[in-house]
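We use all heavy atoms of the structure for the numbers below, so side chains are in, but hydrogens, waters and symmetry mates are not. As the structure is a computational prediction, the values presented were derived from the model and not from experiment.
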Amino acid sequence: MTPLAEICRKEASVEHVPAASLLSRSVPLKTIAMASITDAELDFTAQYSLHIEKAGTLRSILVHFDTIFDLSSAGGGRTCFSTGCDKMPTHWKQTVLYLKRPRHVRSGDQVHGTIGGARAQNRRGYDISLTLCVDGESDAQLYEMH
């Protein structure tokens, strides 16, 4: 692997991803109640399971967030936006975690593992851990998003 490729697989990449490149639907990792969350709760580990819907090469895991503003309990309205690549683009983008070892997957395969985020020293970034299992073969990888 070239030195540049190694760097690309260590850093989380923030970019627009074409929806046509997705191999599965998105799954929720964590729900955050912005009005009540504490600083300590911003570090997390979540399990995930992806059902592959389209055969192809799994080169990365894509992370995005949805934001819901719900003021209905106070007599207001409810609105939301998503940074998902299948939604209307915003100035926010998706976070792409490139895999060191791409995997060939078939429709019907299950990809599962854990993803964790620990606040970086600068508190605005994250150190991200990812485990991934496809067909009984597991990998683990660390990323920086600073």
Side-chain angles (χ1 to χ4, degrees), residues 1-70 72 78-146:
M1 185 179 305
T2 66
L4 182 58
E6 185 61 34
I7 290 169
C8 289
R9 286 174 176 79
K10 182 180 178 189
E11 294 181 2
S13 178
V14 178
E15 56 190 86
H16 284 290
V17 176
S21 66
L22 298 180
L23 301 178
S24 76
R25 294 183 189 185
S26 55
V27 296
L29 295 174
K30 181 168 179 65
T31 300
I32 298 172
M34 296 300 288
S36 61
I37 193 162
T38 66
D39 187 64
E41 292 172 310
L42 292 173
D43 292 348
F44 68 93
T45 299
Q47 293 184 344
Y48 68 89
S49 182
L50 301 172
H51 177 76
I52 301 299
E53 296 179 342
K54 182 170 87 173
T57 302
L58 180 64
R59 293 182 172 87
S60 60
I61 297 292
L62 179 103
V63 180
H64 70 90
F65 63 88
D66 299 336
T67 303
I68 300 167
F69 300 96
D70 188 354
S72 58
R78 183 178 192 274
T79 188
C80 61
F81 75 90
S82 174
T83 63
C85 58
D86 58 339
K87 304 296 186 216
M88 180 181 287
T90 70
H91 65 287
W92 296 95
K93 301 174 185 173
Q94 297 84 47
T95 300
V96 182
L97 306 175
Y98 285 102
L99 303 176
K100 288 182 184 178
R101 186 167 62 119
R103 307 287 190 82
H104 294 286
V105 291
R106 298 172 306 276
S107 179
D109 283 353
Q110 291 290 110
V111 176
H112 60 90
T114 60
I115 187 167
R119 302 276 297 286
Q121 187 173 352
N122 72 12
R123 308 305 288 165
R124 291 191 61 159
Y126 270 93
D127 294 322
I128 301 168
S129 62
L130 177 74
T131 65
L132 173 90
C133 184
V134 180
D135 285 335
E137 292 187 38
S138 297
D139 284 319
Q141 204 166 327
L142 299 174
Y143 304 86
E144 296 174 349
M145 187 173 158
H146 300 166

Side-chain ([X]) to main-chain ([Y]) donor-acceptor, under 3.5 angstrom:
{"X": "Tyr143", "Y": "Tyr126", "answer": "no"}
{"X": "Ser13", "Y": "Val96", "answer": "no"}
{"X": "Thr83", "Y": "Phe65", "answer": "yes"}
{"X": "Gln94", "Y": "Leu62", "answer": "no"}

I'd like to check [X] versus [Y] (side-chain heavy atoms, cut-off strictly below 4.5 Å). Are they in contact?
{"X": "Asp139", "Y": "Glu137", "value": "no"}
{"X": "Val111", "Y": "Leu23", "value": "no"}
{"X": "Leu142", "Y": "Asp127", "value": "no"}
{"X": "Met145", "Y": "Thr95", "value": "yes"}
{"X": "Ile115", "Y": "Leu97", "value": "yes"}

What pair of heavy atoms forms the shortest contact from [X] to [Y], and how long is it?
{"X": "Val17", "Y": "Cys85", "result": "O-CB, 2.8 Å"}
{"X": "Glu53", "Y": "Ser107", "result": "O-OG, 3.4 Å"}
{"X": "Asp43", "Y": "Arg119", "result": "OD1-N, 2.7 Å"}
{"X": "Tyr48", "Y": "Leu29", "result": "CB-CD2, 3.8 Å"}
{"X": "Ile52", "Y": "Arg106", "result": "CG2-O, 3.3 Å"}
{"X": "Ser138", "Y": "Arg101", "result": "O-NH2, 4.1 Å"}

Set of salt bridge (charged side-chain N to carboxylate O under 4.0 Å, His left out) partners for Arg59, sequence neighbours left out
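With sequence neighbours excluded, Arg59 shows a salt bridge (charged side-chain N to carboxylate O under 4.0 Å, His left out) to no residue whatsoever.
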
For Glu15, all residues meeting salt bridge (charged side-chain N to carboxylate O under 4.0 Å, His left out), sequence neighbours excluded:
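Scan of Glu15 (salt bridge (charged side-chain N to carboxylate O under 4.0 Å, His left out), adjacent residues dropped) gives none.
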
Could you tell me the separation between the [atom1] atom of [X] and the [atom2] atom of [Y], rounded to the nearest 0.5 Å?
{"X": "Thr90", "Y": "His16", "atom1": "OG1", "atom2": "NE2", "result": "7.0 Å"}
{"X": "Ile32", "Y": "Ile68", "atom1": "CD1", "atom2": "CD1", "result": "12.0 Å"}
{"X": "Leu50", "Y": "Ile61", "atom1": "CG", "atom2": "CD1", "result": "5.5 Å"}

Is there a side chain to side chain donor-acceptor pair (under 3.5 Å) between Gln110 and His51? Walk through the geometry before answering.
CA-CA 5 Å; Gln110 291 290 110; His51 177 76; 2.8 Å; yes

Pair Arg25 + Asp86: basic N to acidic O under 4.0 Å
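Judged by the 4.0 Å cut-off on N to carboxylate O distance, Arg25 and Asp86 do not form a salt bridge.
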
Got a salt bridge between Arg103 and Asp135, using NZ or NE/NH1/NH2 to carboxylate O under 4.0 Å?
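A salt bridge is absent here (no side-chain N lies under 4.0 Å from a carboxylate O).
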
Exceeds 12 heavy-atom contacts within 6.0 angstrom, atom NE2 of His146
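It does: His146 NE2 has more than 12 such atoms within range.
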
Would you say that more than 12 heavy atoms from the other residues, nucleotides or ligands in this model lie under 6.0 Å from the CD of Gln47, or not?
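No, not enclosed.
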
